[in-house]
Amino acid sequence: MTDRTLRLQEILLEWGTTHRRQLPWRENRHPYHILVAETMLTQTQVGRVTRYYQDFLSRFPTPFVLAESSAPEVLESWVGLGYNRRALRLRQCAQVLVEEHDGLVPDVQETLRSLPGVGAYTANAILAQAFNKDVSAVDTNARRVLVRAFVGQPMTQVALQIRADSLVPHGRSWEWTQAIFDLGALICRVKPSCDRCPLAADCLFDGHGLDPYIPPRRQSTFAGSRRQYRGQIVRALAQGVQDKEELRRHTGLDADSFNSIYQELKNEGFFGTTETAPPGASNPSTSTLGGCTGTSHGTQHHMDSAAINYTEVYSVED
DNA sequence: AACCCGGGGGA
DNA sequence: TCCCCAGGGTT
């Protein structure tokens with residue numbers, strides 16, 4: 001690592017401790033809590049998630065509770081957040097955790113990625129924030145900071161991930177993750193505030209032209225869109241409506257148009273009746289389903305004390 | 001690679 | 001109206 005890189009790393013860590021946003025999902029490092037937070041945060045702003053996060057965890061405090069819930073119950077705690085299929089995948093994820101992992105969130109990347117709704121980013125976000133592994137969670141914010149300040153040139157996704165992992169200060173991935181997120185969200189935004197940036201002196205970004213290429217997620221007009229009708233159906237489901245014809249009336253659609261969306265929702269588990277195991281996990285030979293002692297379900301208890309210790313350590317550093 | 005998913009805030 | 005957002009899954 002070059003001297004410049006080391007300076008950036010040190011400055012960013014220091015800045016992170018003094019400018020860290022206080023967010024509900026930063027109060028502890030329970031893997032299940034991190035999983036829920038990261039799922040809610042996919043393509044959804046922090047300000048919106050804060051209004052849902054704690055209520056959701058109060059209602060579904062462990063994978064065991066979530067796995068036993070019904071789809072409409074989960075939707076009731078989700079509608080308004082958007083991307084409602086995330087809620088169904090999270091529920092399916094909890095079922096896999098219970099059936100195959102004793103209700104614990106795995107700490108192995110490949111295992112994490114095999115879970116419904118967990119991709120490369122979320123897997124790394126859990127490893128870095130819940131298990132303190134030296135891996136980098138490269139989201140859209142982190143990508144800007146990394147490419148602009150550290151790399152200084154276009155780079156493929158795979159290469160950037162390798163580079164990003166190499167920049168994680170050993171054993172400090174939690175605070176490193178928060179520091180990068182906070183800088184990306186507060187300073188190194190799409191339209192950056194370089195005049196307020198602590199990294200400006202060593203940054204490779206000249207203010208224009210170096211942004212990583214991110215393909216636009218164009219979304220067609222919402223009014224009258226399939227999205228809108230889907231949303232109407234999901235809201236009705238969350239309110240307990242089950243009758244198919246009544247659901248159709250909530251949209252005002254003709255039978256064919258409605259059926260198209262209805263079938264899609266059904267396939268995605270919005271009715272909770274199809275307990276189809278996700279692809280790749282279809283082996284029903286659950287090993288130790290009855291072997292649990294039944295004492296500490298849903299709490300990765302070995303993490304609880306660690307979370308408290310870390311919190312104390314970091315609050316002293318300020 | 002392109003497309004799908006919700007919704008709201010802001011320019 | 002268009003862009004943006006702690007992405008993931010399917011085709």
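Letters A, B, ... are given to chains in the order of the sequence lines, protein chains preceding strands, and every chain is numbered from 1. Bear in mind that the values here come from a model prediction, so they are computed numbers and not experimental data.
- Relative to the side chain of A:Arg226, the nucleotides C:dC5, C:dA6, B:dC5 differ in distance, and B:dC5 lies closest.
- Within the nucleic acid shown, A:Trp78 has no heavy atom closer than 4.0 Å to any nucleic acid atom.
- Atom CD in A:Glu38 sits about 11 Å away from atom P in C:dA6, given to the nearest Å.
- Not one N or O on the side chain of A:Arg59 forms a donor-acceptor pair closer than 3.5 Å with the backbone of A:Ser77.
- Look at A:Gln43 and you won't find any side-chain N or O under 4.0 angstrom from OP1 or OP2 of C:dC5.
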> Please walk me through it: do A:Ser173 and A:Asp134 pass side chain to side chain donor-acceptor pair (under 3.5 Å)?
Replying inline: CA-CA 6 Å; A:Ser173 60; A:Asp134 293 340; 4.9 Å; no

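- Of the C1' atoms belonging to C:dC3 and B:dG6, the separation is 16 Å, rounded to the nearest Å.
- OP1 or OP2 of B:dC5 has not a single side-chain nitrogen or oxygen of A:Arg85 nearer than 4.0 Å.
- Residue-level contact check: A:Arg230 touches the backbone only, with heavy atoms under 4.0 Å from sugar-phosphate atoms and none from bases.
- A distance-only check finds a donor-acceptor pair linking the side chain of A:Gln9 to the backbone of A:Leu167 [under 3.5 Å].
- A:Leu265 places its CG atom 13 Å from the C1' atom of B:dG6, with the value rounded to the nearest Å.
- Residue contacts shown for A:Arg235 are limited to sugar-phosphate atoms, with no base heavy atom under 4.0 Å away.
- Summarising the geometry, the separation between CG on A:Leu41 and C1' on C:dG8 is reported as 14 Å, rounded to the nearest angstrom.
- Rounded to whole angstrom, the span from the CZ atom of A:Arg86 across to the C1' atom of B:dC5 amounts to 9 Å.
- Relative to the side chain of A:Phe222, the nucleotides C:dA6, B:dG6, C:dG7 differ in distance, and B:dG6 lies closest.
- Closest to the side chain of A:Phe181, from the set C:dC4, B:dG6, C:dA6, is C:dA6.
- Of the residues near DNA chain B, A:Ser220 and A:Gln45, the one whose nearest nucleotide (by heavy atom distance) lies more toward the 5' end is A:Ser220.
- Counting any heavy atom pair closer than 4.0 Å across all strands shown, A:Thr122 reaches sugar-phosphate atoms only and no base atom.
- Contacts of A:Ala120 with the nucleic acid, taken as non-hydrogen atoms under 4.0 Å apart, involve only primed sugar atoms and P, OP1 or OP2.
- With a 3.5 Å ceiling on both atom-pair distances, B:dG6 lacks any Watson-Crick or G-U wobble partner.
- Taking side-chain N and O atoms only, A:Arg144 has a distance below 4.0 Å to OP1 or OP2 of C:dC5.
- Residues A:Arg86 and A:Gln43 bring no donor and acceptor atom of their side chains to less than 3.5 Å of each other.
- Mapping A:Gly82 and A:Arg51 onto DNA chain B by nearest heavy atom places A:Gly82 at the nucleotide closer to the 5' end.
- Heavy atoms of A:Gly47 sit nowhere under 4.0 angstrom from any nucleic acid atom.
- For the pair A:Asp202 and A:Arg4, the salt-bridge criterion is not met [side-chain N within less than 4.0 Å of a carboxylate O].
- Of the two residues near DNA chain C, A:Leu115 and A:Gln129, the one whose nearest nucleotide lies more 5' is A:Gln129.
- Nucleotide B:dG7 holds its P atom 9 Å from the CZ atom of A:Arg48, rounded to whole Å.
- The separation of C:dA6 from B:dC4, taken at their P atoms, amounts to 23 Å, rounded to a whole angstrom.
- Comparing B:dG8 with C:dG8, their P atoms are spaced 23 Å from each other, to the whole Å.
- In this entry the distance linking CZ of A:Arg89 with C1' of C:dG8 reads 6 Å, nearest Å.
- Judged by distance alone, the side chains of A:Asn259 and A:Gln263 never bring a donor and an acceptor atom under 3.5 Å apart.
- The side chain of A:Tyr121 approaches C:dA6 more closely than any other nucleotide in the set C:dA6, B:dG6, C:dC4.
- In this structure, A:Gln219 reaches the bases: a heavy-atom distance under 4.0 Å links it to at least one base atom across the strands shown.
- The distance between atom CD of A:Glu268 and atom C1' of C:dG9, rounded to the nearest whole Å, is 9 Å.
- One interatomic measurement links the two molecules: CD of A:Glu264 to P of C:dT11, which rounds to 10 Å at whole-angstrom precision.
- Within 4.0 Å of A:Gly119, counting heavy atoms only, lie sugar-phosphate atoms of the nucleic acid but no base atom.
- At least one donor-acceptor pair closer than 3.5 Å links the side chain of A:Asp243 to the backbone N or O of A:Glu245.
- Residue-level contact check: A:Val118 touches the backbone only, with heavy atoms under 4.0 Å from sugar-phosphate atoms and none from bases.
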